[in-house]
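Structure first, then comments.
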Amino acid sequence: MDLTTGFLLLLIGILAGGYGTIVGAGGGFIFVPALLLLFKMEPAIAAGSGLIIVLINSLSGVVGYAKQEKIQYRTGLTLAIGALPGSFLGVWLLQLYSSSYFYVIFATLLVGLGIFLFTKNLPDKLKRHQPSDGYAYIAAGDSSGNGDTLYTGDNEDVSLFEKWLIPLGLVIGILSSYLGIGGGWLLVPILIYVFKVPTHNAAATSIFSLCLYSTIGVIAQLFYGHVDWPAVIFGGIGVIVGSQIGVLLSQKIPGKVIIQMLSVLLIFIGVRMYFS
């Protein structure tokens, strides 16, 4: 790999790490399309390399979010339990369906989710998704959503919340390994809109769970040899730098802006993938 290509991967890594950490999706949803579109990498290799980037990004990001006390560890661990077997299934499915199927599934998911998030956050529909009803994480004496206590007035609500986390994790794990972009792009909106978790906590918790279940996917990808190491090395350095920038910036960005950032980027990448 020449120096120019390495420098470009470094810059893409910084952008992916920063943006991915802010929205809680990891950097794969920027890095993988870049490998596919700019470097013409095979889908399976791009997915495997991208998943390693996601792991590096999430490990770096979780350190920063832990210091801010934004991570909901109970939720993240429960999601990871479901995502672990899903990660293996995702790699197995990738062996059966790659090539054009990879592009179509990837693009459709990104565009669909992006449109949903964009329409939910139009000016006349903007709402504060604060933990005032439904399921919410509130630490004792802390209205910001920090800490690790699940507060609700109904024990049945708690059970229902936890009941759905494991199957949700299974789906997230499959998509993460299959697409190589992590599952935060789907997990964060679900935590916000379905479970009413505050945006910043949802992003931080997503990064935490991502660093757990993506490890299994990475091991599987290494077993199959789906890794471009030069891309991982240059991109990995970039996402480490970018993730720390993202953690700092996330403190200054309103939650609704984070969702808008995610929606616009998903639509853009998805449309590009359709024409790749």
Side-chain angles (χ1 to χ4, degrees), residues 1-65 91 94 98-100 102-103 106-107 110 176-185 207 210-211 214-215 217-250 253 261-262 264-276:
M1 178 179 293
D2 60 76
L3 187 59
T4 301
T5 301
F7 182 70
L8 179 59
L9 285 168
L10 181 68
L11 292 179
I12 294 173
I14 294 174
L15 174 62
Y19 211 115
T21 300
I22 290 172
V23 301
F29 70 108
I30 294 177
F31 202 79
V32 172
L35 295 179
L36 293 169
L37 300 174
L38 299 180
F39 302 99
K40 309 301 180 183
M41 192 173 290
E42 290 294 324
I45 302 298
S49 303
L51 196 58
I52 296 179
I53 291 297
V54 167
L55 176 59
I56 296 172
N57 190 175
S58 60
L59 287 172
S60 179
V62 79
V63 173
Y65 279 132
V91 174
L94 186 61
S98 58
S99 187
S100 60
F102 183 90
Y103 285 88
F106 195 0
L110 292 179
S176 175
S177 291
Y178 184 81
L179 299 175
I181 60 173
W185 52 275
I207 288 293
L210 189 58
C211 76
S214 62
T215 302
V218 166
I219 293 173
Q221 295 287 12
L222 291 173
F223 175 79
Y224 286 108
H226 294 162
V227 181
D228 184 307
W229 286 109
V232 168
I233 292 172
F234 282 100
I237 295 173
V239 296
I240 290 174
V241 175
S243 63
Q244 295 308 308
I245 295 174
V247 168
L248 294 175
L249 291 178
S250 68
I253 301 176
M261 289 171 62
L262 179 59
V264 171
L265 188 61
L266 291 177
I267 294 172
F268 173 76
I269 293 175
V271 171
R272 285 291 303 272
M273 292 294 291
Y274 274 124
F275 296 98
S276 62

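We're numbering straight along the sequence, starting at 1. Side chains included, hydrogens not; waters and symmetry mates left out as well; all remaining heavy atoms used.
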Spacing of Phe234 atom CZ and Leu3 atom CG [to the nearest 0.5 Å]: 6.5 Å
Taking Ser60 for its side chain and Asn57 for its backbone only, find out whether a donor-acceptor pair lies under 3.5 Å. no
All heavy atoms of Ser214 vs all of Ser58, minimum pair found to be OG-OG, 4.3 Å
Between Ala16 and Phe31, what is the shortest heavy-atom contact and its length? CB-N, 4.3 Å
Test side chain to side chain contact (heavy atoms under 4.5 Å, CB included) applied to Ile207 and Val54, Leu59, Val62, Val23, the passing residue: Val62
Has Tyr224 got more than 12 heavy atoms of other residues, nucleotides or ligands less than 6.0 Å from its OH? yes
The reported gap from OG1 in Thr5 to CG in Leu10 (rounded to nearest 0.5 angstrom) is 12.5 Å
How long is the straight-line distance from CG of Leu249 back to CD1 of Ile22, given to the nearest 0.5 Å? 5.0 Å
If you look at every heavy atom in Leu36 and Ala46, which pair is closest and at what distance? CD2-CB, 3.7 Å
Got Leu35 and Ile45 here, is their nearest side-chain heavy-atom distance under 4.5 Å? no
Between OG1 of Thr21 and CD1 of Ile240, what distance do you get to the nearest 0.5 Å? 11.0 Å
Could you measure the distance from the OG1 atom of Thr4 to the CG atom of Leu9? Nearest 0.5 Å is fine. 11.0 Å
Where is the tightest heavy-atom contact between Ala44 and His226, given as atom of each residue plus distance? O-CB, 3.5 Å
Heavy-atom closest pair, residues Gly235 and Ile53: C-CD1, 3.6 Å
Within the structure provided, determine whether Phe39 and Asp228 are in side-chain contact (heavy-atom separation under 4.5 Å). no
Gln244 side chain vs Gly64 backbone, donor-acceptor pair below 3.5 Å: no
